[in-house]
Structures are given as structure tokens and as C-alpha cells.
Amino acid sequence: MTVLTAPLNLARIPLNRYCREVRADLRDRGSLHRRVQSLFPDQLGPHPRAAAGVLFRLERTESCATLLVQSAIPVNRNALPTGYTSADVEYRDLAPLLDWAQAGRTVQYRIDAQPQRSVREPHRPGVERPRGKPVSLIGQDAVDWWHRQALLAGLQPHTILDLRQPIATVLRETAQSGSFRITRFEGTATITDPDALRTALRKGIGQGRSYGLGLLSIAPHRP
């Protein structure tokens with residue numbers, strides 16, 4: 001029986017670091033968020049990112065930067081400023097990959113995330129219990145966080161490599177200015193729950209999904 005998977009698209013956008021708009025977007029995740037959203041129609045309701053199923057990840061080396069944009073509808077590359085890209089935008093239909101992702105298969109994975117846990121101050125009698133304060137995790141605590149998230153996402157990790165990424169700053173945002181302490185997790189895993197995995201792939205994992213975190217990428221593992 002053929003499985004019909006809802007559309008899911010991936011655009012690989014190579015960035016021209018000599019472009020003024022690119023340099024501004026790389027400095028400010030708020031600006032990068034707005035740039036990504038400009039690639040989709042305006043009339044998407046009060047929550048346009050979620051409506052278009054948009055997740056993105058910024059991948060950088062010493063010599064180049066690439067923006068990966070995943071979405072339920074294709075991006076409009078014509079909305080990018082002139083000179084924004086350093087090469088042609090590449091497109092991929094992810095539906096065949098989602099159909100392939102069955103229980104027992106081994107994948108390579110990658111995700112940028114901000115591992116956190118909530119810490120509450122001691123409760124004082126007669127005072128309303130304060131809400132927990134999010135605290136960023138590093139080292140083994142971060143690895144343990146990802147292991148738990150992976151299990152919930154239908155993956156049993158075999159290897160977990162944790163790589164600290166440059167701090168991502170959000171500027172000029174009234175409600176959400178600040179920074180994200182990002183860890184990139186990558187390795188291999190076995191698929192245990194295909195439905196949970198497909199949900200995680202489409203919706204993302206963790207906080208900061210508007211600013212380039214939470215995009216889980218998988219590929220068949222070929223030893």
C-alpha cells in the first residue's frame with residue numbers, strides 16, 4: 001500500500017557573506033527570522049510560522065554559511081534581496097524520506113537546540129510559588145537532555161556528539177530580545193516510533209523555533 005505523506009520541503013540557501021543584508025541577518029536572529037518569513041505569503045493568520053510549518057537552521061564554516069529552510073509550502077526565492085545568495089538555491093521534497101522512515105531503520109541526525117531545565121527558588125510560606133527559571137544546560141546535562149528528547153521523538157540514539165555553537169542574539173525585539181546558548185547534537189540512532197519521529201520532524205523540538213532552533217534533520221545511515 002502506498003503511503004501518502006503531506007508535503008514537506010527543504011530549501012538549501014547558500015549565503016553571500018559580502019551582502020549587506022546577509023551580514024545584518026547573521027548578527028541578529030530576529031532579523032533572520034523576519035527574512036525567512038518573508039519567503040512565504042503574508043496571509044497566513046496570526047501564527048504564520050506555524051501555519052507554513054517553517055523551521056530553519058543556520059550552518060556555518062570558516063568560509064561559508066548556508067541557511068536550511070524546511071516548510072510545508074515551498075519558499076519564494078524571488079523574495080530574497082539581490083545578491084543575497086552565493087549560488088543557486090537547492091530544493092528537496094522530503095516526503096519520500098518521511099515514507100522511508102520506518103521502525104528499525106538507522107539514521108544520521110542533526111539538530112541545533114538550547115537544552116534547558118526549569119529551576120524554582122525555595123518556596124516561602126504565604127508567598128505564591130514562583131515560576132521556574134530556565135537554566136541552560138551544557139556538557140553531560142545537555143547530552144542527557146537530548147537523549148530524553150530523542151526518545152520522545154521516536155529515536156533511540158547510538159551516538160551523541162554535542163558541539164557548542166556561537167551564541168545567537170536577538171536584537172530589537174520588545175518581548176523576546178536576548179540570546180540563545182546553542183548546542184548542536186548529531187550522531188546515529190534507530191527509529192523506534194515513526195509517527196512520533198514524523199511529528200518531531202515537522203514541528204521541531206524545544207525552544208527558539210522562530211530563531212533557528214529545533215529543526216531535526218535525518219538521513220539514512222550508510223556505514
Side-chain angles (χ1 to χ4, degrees), residues 2-15 25 28-59 65-80 84-85 88-102 105 107-115 146 149-155 165 168 170 173 175-176 180 182 184-186 189 191-220:
T2 301
V3 178
L4 297 178
T5 300
L8 192 63
N9 307 276
L10 181 69
R12 184 181 296 271
I13 305 173
L15 304 181
D25 290 347
D28 178 10
R29 285 297 177 101
S31 177
L32 187 58
H33 160 73
R34 291 187 290 273
R35 183 75 62 197
V36 170
Q37 285 302 131
S38 74
L39 305 179
F40 301 94
D42 294 330
Q43 295 77 24
L44 292 176
H47 305 289
R49 187 199 65 79
V54 178
L55 296 167
F56 70 91
R57 183 171 67 243
L58 183 63
E59 300 201 335
T66 301
L67 183 62
L68 302 179
V69 181
Q70 179 183 287
S71 56
I73 56 179
V75 303
N76 174 18
R77 65 153 294 168
N78 293 325
L80 292 171
Y84 196 85
T85 62
D88 290 339
V89 177
E90 300 177 10
Y91 300 95
R92 183 183 178 192
D93 177 6
L94 295 179
L97 177 64
L98 299 186
D99 288 339
W100 172 89
Q102 300 297 324
R105 288 182 166 160
V107 298
Q108 296 174 295
Y109 66 82
R110 174 177 289 180
I111 184 172
D112 283 359
Q114 179 174 242
W146 166 243
Q149 298 300 317
L151 294 178
L152 292 173
L155 292 175
Q165 302 296 301
V170 179
E173 296 279 345
Q176 299 194 43
F180 294 94
I182 303 172
R184 174 168 294 170
F185 299 101
E186 56 185 40
I191 299 173
T192 57
D193 186 336
D195 290 336
L197 176 59
R198 293 184 189 110
T199 297
L201 290 168
R202 289 184 178 278
K203 294 187 175 182
I205 296 174
Q207 303 297 315
R209 282 173 278 182
S210 292
Y211 301 106
L213 305 185
L215 170 58
L216 174 62
S217 302
I218 64 167

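Each residue takes its place number in the sequence, starting with 1. Just so it is clear, the values below take in all heavy atoms, side chains as well, and ignore hydrogens, waters and symmetry mates.
For Q37, the CD atom sits in a packed shell: over 12 heavy atoms of surrounding residues, nucleotides or ligands are nearer than 6.0 Å.
With rounding to the nearest 0.5 Å, the separation of CG in L32 from CZ in F56 is 4.0 Å. Interatomic distance, CD1 of I111 versus CD1 of I205, reported as 4.0 Å (0.5 Å rounding). Within the model, atoms CG of L80 and CG of L15 stand 9.0 Å from one another, a figure rounded to the nearest 0.5 Å. In this structure, the separation between CG on L197 and CG on L152 is 12.5 Å, given to the nearest 0.5 Å. Within the model, atoms CG of L155 and OH of Y109 stand 8.0 Å from one another, a figure rounded to the nearest 0.5 Å. Annotation: the span from R184 atom CZ to E59 atom CD amounts to 4.5 Å, rounded to 0.5 Å.
Between L216 and A200, the shortest heavy-atom contact is CD2-CB, 4.3 Å. Across D112 and I182, no two heavy atoms sit closer than the pair CB-CG2, 3.8 Å. Among all heavy-atom pairs drawn from A101 and I218, the shortest one is CB-CD1, 4.3 Å. Closest approach of P220 to L97, counting heavy atoms only: CD-CD1, 4.0 Å.
A donor-acceptor pair is defined here as one N or O able to donate and one able to accept, closer than 3.5 Å; such a pair exists between the side chain of R57 and the backbone of L215. Put simply, the side chain of R209 gets close to the backbone of K203: a donor and an acceptor are under 3.5 Å apart.
Every residue meeting the side-chain hydrogen bond (donor to acceptor under 3.5 Å, both in side chains) condition with D25, not counting sequence neighbours, appears here in chain and number order: S31, R35, Y84. Here D195 pairs with D193, R198 under the side chain to side chain contact (heavy atoms under 4.5 Å, CB included) rule; sequence neighbours left out.
Between Y91 and R77, some side-chain heavy-atom pair lies under the 4.5 Å cut-off. In this structure, the side chains of N9 and L94 stay at 4.5 Å or more apart for every pair of heavy atoms. Contact annotation: the side chain of F40 approaches that of V75 to within less than 4.5 Å [non-hydrogen atoms, C-beta and beyond]. Side-chain contact between P48 and V54: absent, with no pair of heavy atoms (C-beta onward) separated by less than 4.5 Å. Using a 4.5 Å heavy-atom threshold, the side chains of R29 and L58 count as touching.
Ring orientation note: the planes of H33 and Y211 are tilted relative to one another, at an angle of 30° to 60°.
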All N/O donor-acceptor pairs, side-chain side in residues 66-73, below 3.5 Å, sequence neighbours left out:
{"from": "Q70", "atom 1": "NE2", "to": "L201", "atom 2": "O", "distance (Å)": "2.7"}
{"from": "S71", "atom 1": "OG", "to": "I73", "atom 2": "O", "distance (Å)": "2.5"}

